[in-house]
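Here is the structure we will look at.
Predicted model, so just to flag it, every value in this text is computed and none were measured.
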Amino acid sequence: MLLEKIEALLKEVSTLTASNAEEIEQLRLKYLSRKGEINALMQDFRNVAAEDKKTVGMKINELKQLAFDHINALKEQLENGAEEADDLDLTRTPYPIQLGTRHPLTIVKNEIIDIFQRMGFTLAEGPEIDDDLHVFTKLNFAADHPARDMQDTFFIETSPDDVAKNVILRSHTSNDQAHYMETHQPPIRVICPGRVYRNEAISARAHCFFHQVEGLYIDKNVSFTDLKQVLLSFAREMFGPDTKIRLRPSYFPFTEPSAEMDISCHICGGEGCGFCKHTGWVEILGCGMVDPNVLEACGIDSTQYTGYAFGMGVERITNLKYRVADLRMFSENDTRFLREFEAAH
(Lines give C-alpha, C1' and ligand atoms only; values in the text may rest on other atoms or scores of the structure.)
Protein backbone atom coordinates (compact mmCIF):
# COMPACT_ATOMS: atom_id res chain seq x y z
CA MET A 1 0.00 0.00 0.00
CA LEU A 2 2.84 2.42 0.85
CA LEU A 3 4.60 1.74 -2.44
CA GLU A 4 1.41 2.47 -4.35
CA LYS A 5 1.08 5.79 -2.52
CA ILE A 6 4.70 6.68 -3.33
CA GLU A 7 4.22 5.83 -7.02
CA ALA A 8 1.12 8.05 -7.15
CA LEU A 9 3.06 10.94 -5.57
CA LEU A 10 5.93 10.45 -8.06
CA LYS A 11 3.50 10.93 -10.96
CA GLU A 12 1.88 13.89 -9.21
CA VAL A 13 5.17 15.67 -8.48
CA SER A 14 6.50 15.19 -12.03
CA THR A 15 3.59 17.23 -13.43
CA LEU A 16 3.63 20.14 -10.98
CA THR A 17 3.19 23.66 -12.42
CA ALA A 18 3.14 27.17 -10.93
CA SER A 19 2.71 30.69 -12.35
CA ASN A 20 4.05 32.78 -9.47
CA ALA A 21 6.24 32.66 -6.36
CA GLU A 22 3.28 32.19 -4.03
CA GLU A 23 2.17 29.03 -5.83
CA ILE A 24 5.74 27.64 -5.73
CA GLU A 25 5.91 28.20 -1.99
CA GLN A 26 2.60 26.40 -1.54
CA LEU A 27 4.02 23.39 -3.43
CA ARG A 28 7.13 23.39 -1.22
CA LEU A 29 5.01 23.41 1.91
CA LYS A 30 2.75 20.65 0.59
CA TYR A 31 5.53 18.21 -0.27
CA LEU A 32 8.78 19.15 1.52
CA SER A 33 7.83 20.81 4.81
CA ARG A 34 7.76 19.04 8.20
CA LYS A 35 4.02 18.57 7.83
CA GLY A 36 4.20 17.76 4.13
CA GLU A 37 3.30 14.66 2.15
CA ILE A 38 6.85 13.21 2.02
CA ASN A 39 7.48 13.64 5.76
CA ALA A 40 4.16 11.86 6.42
CA LEU A 41 5.50 8.88 4.43
CA MET A 42 8.40 8.63 6.88
CA GLN A 43 5.91 8.09 9.68
CA ASP A 44 4.40 5.15 7.77
CA PHE A 45 7.88 3.83 6.93
CA ARG A 46 8.27 2.67 10.55
CA ASN A 47 5.62 0.01 10.02
CA VAL A 48 7.20 -1.45 6.85
CA ALA A 49 8.50 -5.04 7.13
CA ALA A 50 12.29 -5.33 7.54
CA GLU A 51 12.78 -7.08 4.21
CA ASP A 52 10.94 -4.26 2.36
CA LYS A 53 12.56 -1.28 4.10
CA LYS A 54 15.42 -0.95 1.58
CA THR A 55 13.09 -0.86 -1.46
CA VAL A 56 10.59 1.49 0.16
CA GLY A 57 13.35 3.75 1.53
CA MET A 58 14.92 4.15 -1.92
CA LYS A 59 11.53 5.08 -3.40
CA ILE A 60 10.94 7.71 -0.70
CA ASN A 61 14.38 9.22 -1.34
CA GLU A 62 13.67 9.22 -5.09
CA LEU A 63 10.38 11.04 -4.45
CA LYS A 64 12.01 13.59 -2.15
CA GLN A 65 14.79 14.35 -4.67
CA LEU A 66 12.29 14.65 -7.53
CA ALA A 67 10.12 17.07 -5.54
CA PHE A 68 13.17 19.13 -4.56
CA ASP A 69 14.54 19.30 -8.13
CA HIS A 70 11.16 20.03 -9.73
CA ILE A 71 10.23 22.85 -7.32
CA ASN A 72 13.69 24.44 -7.75
CA ALA A 73 13.28 24.22 -11.53
CA LEU A 74 9.94 26.03 -11.30
CA LYS A 75 11.56 28.73 -9.16
CA GLU A 76 14.43 29.18 -11.64
CA GLN A 77 12.01 29.32 -14.57
CA LEU A 78 9.99 32.07 -12.86
CA GLU A 79 13.14 34.13 -12.12
CA ASN A 80 14.36 33.85 -15.73
CA GLY A 81 10.96 34.97 -16.99
CA ALA A 82 11.08 38.04 -14.74
CA GLU A 83 14.52 38.97 -16.12
CA GLU A 84 13.24 38.69 -19.70
CA ALA A 85 10.26 40.90 -18.81
CA ASP A 86 12.64 43.53 -17.41
CA ASP A 87 14.43 43.63 -20.76
CA LEU A 88 11.15 44.12 -22.70
CA ASP A 89 10.53 47.68 -23.88
CA LEU A 90 6.76 48.04 -23.70
CA THR A 91 6.91 51.50 -25.30
CA ARG A 92 8.49 50.21 -28.51
CA THR A 93 6.27 50.25 -31.58
CA PRO A 94 5.71 46.68 -32.84
CA TYR A 95 7.21 46.19 -36.30
CA PRO A 96 5.95 46.58 -39.02
CA ILE A 97 3.04 48.69 -37.67
CA GLN A 98 3.76 52.37 -38.26
CA LEU A 99 2.41 55.30 -36.28
CA GLY A 100 0.42 58.08 -37.88
CA THR A 101 0.25 61.53 -36.34
CA ARG A 102 -2.28 63.79 -34.67
CA HIS A 103 -5.65 63.62 -36.42
CA PRO A 104 -6.42 66.61 -38.68
CA LEU A 105 -9.79 67.13 -36.95
CA THR A 106 -8.01 67.32 -33.61
CA ILE A 107 -5.47 69.79 -35.02
CA VAL A 108 -8.21 72.08 -36.36
CA LYS A 109 -10.48 71.72 -33.32
CA ASN A 110 -7.63 72.67 -30.99
CA GLU A 111 -6.78 75.65 -33.21
CA ILE A 112 -10.41 76.86 -33.13
CA ILE A 113 -10.56 76.49 -29.34
CA ASP A 114 -7.24 78.29 -28.92
CA ILE A 115 -8.42 81.27 -31.01
CA PHE A 116 -11.61 81.74 -29.00
CA GLN A 117 -9.91 81.15 -25.65
CA ARG A 118 -7.58 84.03 -26.49
CA MET A 119 -10.72 86.12 -26.98
CA GLY A 120 -11.93 85.27 -23.46
CA PHE A 121 -14.10 82.19 -24.05
CA THR A 122 -13.88 79.27 -21.62
CA LEU A 123 -14.32 75.61 -22.50
CA ALA A 124 -17.62 73.86 -21.68
CA GLU A 125 -18.51 70.30 -22.65
CA GLY A 126 -21.69 68.26 -22.18
CA PRO A 127 -23.20 64.81 -22.83
CA GLU A 128 -23.41 63.21 -26.27
CA ILE A 129 -26.42 61.21 -25.07
CA ASP A 130 -29.03 63.67 -23.83
CA ASP A 131 -32.77 64.28 -23.59
CA ASP A 132 -35.13 66.08 -25.96
CA LEU A 133 -35.59 68.82 -23.37
CA HIS A 134 -32.01 70.09 -23.67
CA VAL A 135 -31.36 69.24 -27.31
CA PHE A 136 -34.58 70.74 -28.71
CA THR A 137 -37.23 72.09 -26.31
CA LYS A 138 -35.11 74.58 -24.35
CA LEU A 139 -33.60 75.76 -27.64
CA ASN A 140 -36.98 76.89 -28.99
CA PHE A 141 -37.56 74.01 -31.42
CA ALA A 142 -41.26 73.65 -32.19
CA ALA A 143 -42.93 70.35 -31.34
CA ASP A 144 -43.35 69.58 -35.05
CA HIS A 145 -39.87 70.74 -36.10
CA PRO A 146 -38.34 68.38 -38.74
CA ALA A 147 -35.17 67.94 -36.68
CA ARG A 148 -37.17 65.91 -34.14
CA ASP A 149 -38.16 63.44 -36.83
CA MET A 150 -36.61 59.96 -36.86
CA GLN A 151 -35.17 60.77 -40.29
CA ASP A 152 -32.74 63.27 -38.72
CA THR A 153 -32.29 62.30 -35.07
CA PHE A 154 -31.14 59.02 -33.52
CA PHE A 155 -33.63 58.20 -30.75
CA ILE A 156 -32.52 55.74 -28.06
CA GLU A 157 -35.68 55.81 -25.93
CA THR A 158 -38.93 57.66 -26.49
CA SER A 159 -41.77 58.66 -24.22
CA PRO A 160 -44.75 60.17 -26.11
CA ASP A 161 -46.21 61.56 -22.88
CA ASP A 162 -43.06 63.37 -21.74
CA VAL A 163 -40.52 64.79 -24.21
CA ALA A 164 -38.09 65.37 -21.33
CA LYS A 165 -37.72 61.58 -21.12
CA ASN A 166 -36.91 61.14 -24.80
CA VAL A 167 -33.27 59.99 -24.88
CA ILE A 168 -31.37 60.81 -28.07
CA LEU A 169 -27.93 61.18 -29.57
CA ARG A 170 -27.48 64.93 -29.77
CA SER A 171 -27.69 66.40 -33.26
CA HIS A 172 -25.75 69.55 -32.30
CA THR A 173 -23.59 70.76 -29.41
CA SER A 174 -26.15 73.46 -28.54
CA ASN A 175 -27.33 71.14 -25.76
CA ASP A 176 -24.09 72.04 -23.95
CA GLN A 177 -25.19 75.67 -24.00
CA ALA A 178 -28.62 74.77 -22.58
CA HIS A 179 -27.02 72.86 -19.69
CA TYR A 180 -24.56 75.68 -19.05
CA MET A 181 -27.23 78.41 -19.00
CA GLU A 182 -29.28 76.36 -16.53
CA THR A 183 -26.44 76.29 -14.03
CA HIS A 184 -24.72 79.66 -14.61
CA GLN A 185 -25.89 83.25 -14.62
CA PRO A 186 -24.46 85.91 -16.97
CA PRO A 187 -21.91 86.98 -17.90
CA ILE A 188 -21.46 83.76 -19.89
CA ARG A 189 -18.78 83.33 -22.53
CA VAL A 190 -18.20 79.66 -23.47
CA ILE A 191 -17.01 77.56 -26.39
CA CYS A 192 -18.52 74.05 -26.74
CA PRO A 193 -16.75 71.45 -28.91
CA GLY A 194 -17.98 67.89 -29.40
CA ARG A 195 -19.21 65.05 -31.56
CA VAL A 196 -22.78 65.08 -32.91
CA TYR A 197 -24.96 62.54 -34.72
CA ARG A 198 -27.52 62.75 -37.50
CA ASN A 199 -29.35 60.05 -39.40
CA GLU A 200 -27.78 60.63 -42.80
CA ALA A 201 -26.48 58.30 -45.50
CA ILE A 202 -22.68 58.03 -45.40
CA SER A 203 -20.98 59.39 -48.51
CA ALA A 204 -17.99 61.46 -49.56
CA ARG A 205 -19.88 64.62 -48.56
CA ALA A 206 -21.91 63.46 -45.52
CA HIS A 207 -21.58 61.21 -42.47
CA CYS A 208 -23.81 60.01 -39.64
CA PHE A 209 -21.45 61.58 -37.09
CA PHE A 210 -19.28 64.66 -37.26
CA HIS A 211 -17.85 67.38 -35.00
CA GLN A 212 -18.96 70.87 -34.11
CA VAL A 213 -17.70 73.85 -32.14
CA GLU A 214 -20.31 76.28 -30.86
CA GLY A 215 -19.91 79.54 -28.98
CA LEU A 216 -22.18 81.49 -26.64
CA TYR A 217 -21.85 84.97 -25.12
CA ILE A 218 -24.53 86.43 -22.82
CA ASP A 219 -24.27 89.70 -20.93
CA LYS A 220 -25.93 93.09 -20.73
CA ASN A 221 -26.02 95.13 -23.94
CA VAL A 222 -24.55 92.45 -26.22
CA SER A 223 -25.20 93.40 -29.85
CA PHE A 224 -24.94 91.90 -33.34
CA THR A 225 -21.95 94.18 -33.90
CA ASP A 226 -20.11 92.32 -31.12
CA LEU A 227 -20.87 89.04 -32.87
CA LYS A 228 -19.66 90.30 -36.24
CA GLN A 229 -16.36 91.56 -34.79
CA VAL A 230 -15.66 88.27 -32.98
CA LEU A 231 -16.33 86.25 -36.13
CA LEU A 232 -14.19 88.54 -38.28
CA SER A 233 -11.31 88.16 -35.81
CA PHE A 234 -11.75 84.39 -35.85
CA ALA A 235 -11.81 84.19 -39.67
CA ARG A 236 -8.61 86.21 -39.99
CA GLU A 237 -6.84 84.17 -37.29
CA MET A 238 -7.86 80.90 -38.92
CA PHE A 239 -7.57 81.68 -42.64
CA GLY A 240 -5.26 84.69 -42.87
CA PRO A 241 -5.29 88.45 -42.24
CA ASP A 242 -6.71 89.30 -45.67
CA THR A 243 -9.86 87.19 -45.18
CA LYS A 244 -13.17 88.99 -45.68
CA ILE A 245 -16.53 87.91 -44.29
CA ARG A 246 -20.16 88.46 -45.22
CA LEU A 247 -23.32 87.68 -43.27
CA ARG A 248 -26.47 86.50 -45.05
CA PRO A 249 -29.93 86.38 -43.38
CA SER A 250 -30.99 82.88 -42.36
CA TYR A 251 -33.20 81.06 -39.85
CA PHE A 252 -32.36 78.98 -36.78
CA PRO A 253 -34.92 78.23 -34.02
CA PHE A 254 -32.60 79.34 -31.21
CA THR A 255 -31.43 82.68 -32.65
CA GLU A 256 -33.25 85.80 -33.89
CA PRO A 257 -32.05 87.43 -36.04
CA SER A 258 -30.01 84.63 -37.60
CA ALA A 259 -27.31 84.62 -40.25
CA GLU A 260 -24.94 82.39 -42.16
CA MET A 261 -21.37 83.57 -42.53
CA ASP A 262 -19.23 83.23 -45.64
CA ILE A 263 -15.53 83.93 -45.97
CA SER A 264 -13.69 85.03 -49.08
CA CYS A 265 -12.26 81.94 -50.78
CA HIS A 266 -8.66 81.64 -49.62
CA ILE A 267 -7.82 79.38 -52.56
CA CYS A 268 -8.59 81.86 -55.33
CA GLY A 269 -8.49 85.02 -53.21
CA GLY A 270 -12.15 85.75 -53.97
CA GLU A 271 -11.63 85.71 -57.74
CA GLY A 272 -13.77 82.59 -58.23
CA CYS A 273 -12.75 78.92 -58.63
CA GLY A 274 -14.21 75.45 -58.65
CA PHE A 275 -13.90 75.14 -54.88
CA CYS A 276 -16.10 78.20 -54.22
CA LYS A 277 -18.29 77.44 -57.24
CA HIS A 278 -16.95 80.60 -58.89
CA THR A 279 -18.67 82.87 -56.37
CA GLY A 280 -15.55 83.90 -54.46
CA TRP A 281 -17.27 83.01 -51.16
CA VAL A 282 -17.42 79.86 -48.99
CA GLU A 283 -19.91 79.29 -46.14
CA ILE A 284 -18.32 78.27 -42.83
CA LEU A 285 -20.82 78.77 -39.98
CA GLY A 286 -24.24 79.84 -38.71
CA CYS A 287 -24.83 82.47 -36.05
CA GLY A 288 -27.30 84.96 -34.55
CA MET A 289 -28.61 86.67 -31.45
CA VAL A 290 -29.93 84.25 -28.82
CA ASP A 291 -33.72 84.13 -28.96
CA PRO A 292 -35.33 85.53 -25.77
CA ASN A 293 -37.40 82.33 -25.51
CA VAL A 294 -34.16 80.35 -25.11
CA LEU A 295 -32.93 82.64 -22.36
CA GLU A 296 -36.20 82.38 -20.44
CA ALA A 297 -36.37 78.58 -20.87
CA CYS A 298 -32.91 78.29 -19.32
CA GLY A 299 -33.65 80.62 -16.38
CA ILE A 300 -32.04 83.85 -17.64
CA ASP A 301 -33.96 87.14 -17.59
CA SER A 302 -34.31 88.21 -21.25
CA THR A 303 -35.27 91.75 -20.21
CA GLN A 304 -31.87 92.24 -18.61
CA TYR A 305 -29.57 90.20 -20.82
CA THR A 306 -28.91 89.60 -24.51
CA GLY A 307 -26.43 87.34 -26.22
CA TYR A 308 -25.15 85.80 -29.41
CA ALA A 309 -24.38 82.23 -30.47
CA PHE A 310 -22.54 80.65 -33.38
CA GLY A 311 -21.69 77.16 -34.53
CA MET A 312 -19.41 75.58 -37.11
CA GLY A 313 -18.52 72.10 -38.35
CA VAL A 314 -14.93 71.07 -37.65
CA GLU A 315 -14.89 68.89 -40.78
CA ARG A 316 -15.98 71.91 -42.84
CA ILE A 317 -13.14 74.08 -41.51
CA THR A 318 -10.66 71.22 -41.97
CA ASN A 319 -11.72 70.78 -45.58
CA LEU A 320 -11.25 74.48 -46.21
CA LYS A 321 -7.73 74.40 -44.74
CA TYR A 322 -6.52 71.07 -46.17
CA ARG A 323 -8.98 70.33 -49.02
CA VAL A 324 -9.86 66.75 -48.00
CA ALA A 325 -12.13 65.51 -50.77
CA ASP A 326 -13.81 62.59 -48.96
CA LEU A 327 -15.30 62.98 -45.44
CA ARG A 328 -15.03 59.23 -44.87
CA MET A 329 -11.24 59.53 -44.70
CA PHE A 330 -11.56 61.28 -41.34
CA SER A 331 -12.94 58.13 -39.69
CA GLU A 332 -11.09 55.32 -41.51
CA ASN A 333 -7.96 55.58 -39.33
CA ASP A 334 -5.58 55.11 -42.27
CA THR A 335 -2.09 56.03 -41.04
CA ARG A 336 -1.03 56.97 -44.59
CA PHE A 337 -3.69 59.69 -44.55
CA LEU A 338 -2.73 60.81 -41.03
CA ARG A 339 0.98 61.08 -41.89
CA GLU A 340 0.11 63.78 -44.42
CA PHE A 341 -0.52 66.12 -41.47
CA GLU A 342 2.79 65.62 -39.65
CA ALA A 343 3.83 69.21 -40.38
CA ALA A 344 0.46 70.68 -39.38
CA HIS A 345 1.02 70.71 -35.61
Side-chain angles (χ1 to χ4, degrees), residues 103 105-114 116-117 121-143 145-200 202 206-218 252-255 285-288 290-291 293-300 307-318 327 330-331 333:
H103 198 283
L105 293 180
T106 302
I107 296 170
V108 172
K109 182 193 73 172
N110 290 344
E111 187 175 355
I112 294 170
I113 292 171
D114 179 64
F116 283 109
Q117 283 185 326
F121 288 80
T122 58
L123 194 64
E125 296 180 291
E128 293 184 14
I129 301 175
D130 208 345
D131 54 37
D132 182 289
L133 181 67
H134 291 90
V135 177
F136 294 128
T137 304
K138 284 185 177 289
L139 296 172
N140 203 38
F141 281 79
H145 194 282
R148 297 176 184 266
D149 195 279
M150 289 288 287
Q151 293 178 355
D152 294 316
T153 303
F154 287 106
F155 282 80
I156 298 175
E157 297 178 6
T158 58
S159 175
D161 299 328
D162 187 357
V163 295
K165 294 182 180 178
N166 289 347
V167 180
I168 61 180
L169 293 177
R170 66 181 180 187
S171 55
H172 50 199
T173 53
S174 302
N175 69 315
D176 295 352
Q177 300 176 17
H179 283 287
Y180 198 90
M181 285 187 284
E182 279 186 332
T183 56
H184 296 76
Q185 282 296 307
I188 293 172
R189 194 194 297 254
V190 294
I191 193 84
C192 305
R195 180 179 292 182
V196 300
Y197 306 84
R198 293 182 188 173
N199 191 4
E200 297 184 8
I202 298 174
H207 212 293
C208 62
F209 71 86
F210 52 98
H211 302 79
Q212 287 185 338
V213 176
E214 298 196 21
L216 175 70
Y217 177 41
I218 300 173
F252 303 109
F254 36 85
T255 54
L285 58 83
C287 60
V290 179
D291 193 298
N293 291 334
V294 174
L295 297 176
E296 295 292 342
C298 295
I300 295 175
Y308 61 70
F310 57 85
M312 67 192 78
V314 179
E315 281 83 351
R316 179 68 169 166
I317 304 297
T318 306
L327 280 176
F330 288 130
S331 55
N333 211 27

Within the 4.5 Å heavy-atom criterion, are Val213 and Thr173 side-chain neighbours or not? no
Give, for atom CD1 of Ile317 and atom CE of Met312, the distance between the pair rounded to the nearest 0.5 Å. 5.5 Å
Nearest 0.5 Å, what's the CG-CD distance between Leu285 and Gln212? 11.0 Å
On a heavy-atom basis, which atom in Gly299 and which in Gln185 lie closest, and how many Å separate them? O-NE2, 3.1 Å
Within the 4.5 Å heavy-atom criterion, are Ile113 and Pro193 side-chain neighbours or not? yes
Where Gln117 and Leu123 come nearest, the two heavy atoms and their spacing: NE2-CB, 4.1 Å
Residues in side chain to side chain contact (heavy atoms under 4.5 Å, CB included) with Pro127, at least two apart? Asp130, Asn175, Asp176, His179
What is the distance from atom CD of Gln177 to atom CD1 of Ile191, rounded to the nearest 0.5 Å? 9.0 Å
Ser174: which residues meet the side chain to side chain contact (heavy atoms under 4.5 Å, CB included) condition with it, sequence neighbours left out? Leu139, His172, Glu214, Phe254
Set of residues satisfying ring-ring contact (aromatic ring centres under 6.0 Å, His included) with respect to Phe252, sequence neighbours excluded: none
Does Phe136 reach the side chain of Ser171, with side-chain heavy atoms less than 4.5 Å apart? yes
Report the distance from atom CD of Glu182 to atom NZ of Lys138, rounding to the nearest 0.5 Å. 4.5 Å
Closest heavy-atom pair and its distance - Asp291, Asn293: OD1-N, 2.8 Å
Using every non-hydrogen atom in the two residues, find where Thr255 and Cys287 come nearest and quote the distance to one decimal. OG1-O, 4.0 Å
The criterion is salt bridge (Lys or Arg N to Asp or Glu O under 4.0 Å); which residues satisfy it with Glu296, sequence neighbours excluded? none
Rounded distance [0.5 Å steps], CG in Asn166 versus OG1 in Thr137: 8.5 Å
Closest approach of Phe121 to Leu216 (non-hydrogen atoms, all atoms of both residues): CE2-O, 3.8 Å
Identify, with sequence neighbours excluded, every residue that meets ring-ring contact (aromatic ring centres under 6.0 Å, His included) alongside Phe210. none
How close do Ile300 and Pro186 get, heavy atom to heavy atom, and via which atoms? CG2-CG, 3.8 Å
Once side chain to side chain contact (heavy atoms under 4.5 Å, CB included) is applied, do any residues pair with Leu169, and if so which ones, sequence neighbours excluded? Ile129, Phe154, Ile156, Tyr197
Rounding to 0.5 Å, atoms NE2 (His184) and SG (Cys298) come to a distance of 13.0 Å
Under a 4.5 Å cut-off applied to non-hydrogen side-chain atoms, are Asp131 and Val167 in contact? no
Give me each pair satisfying salt bridge (charged side-chain N to carboxylate O under 4.0 Å, His left out) with a member in residues 186-197, each pair once, sequence neighbours excluded. none
I'd like to check the side-chain hydrogen bond (donor to acceptor under 3.5 Å, both in side chains) partners of Glu315; sequence neighbours left out, ordered by chain and number. His211
Is there a side chain to side chain contact (heavy atoms under 4.5 Å, CB included) between Tyr180 and Cys192? Walk through the geometry before answering. CA-CA 10 Å; Tyr180 198 90; Cys192 305; over 6 Å; no
Quick check: do Arg170 and Val196 have side-chain heavy atoms less than 4.5 Å from each other? yes
Not counting sequence neighbours, which residues clear side chain to side chain contact (heavy atoms under 4.5 Å, CB included) with Asn110? List them please. Arg102, Thr106
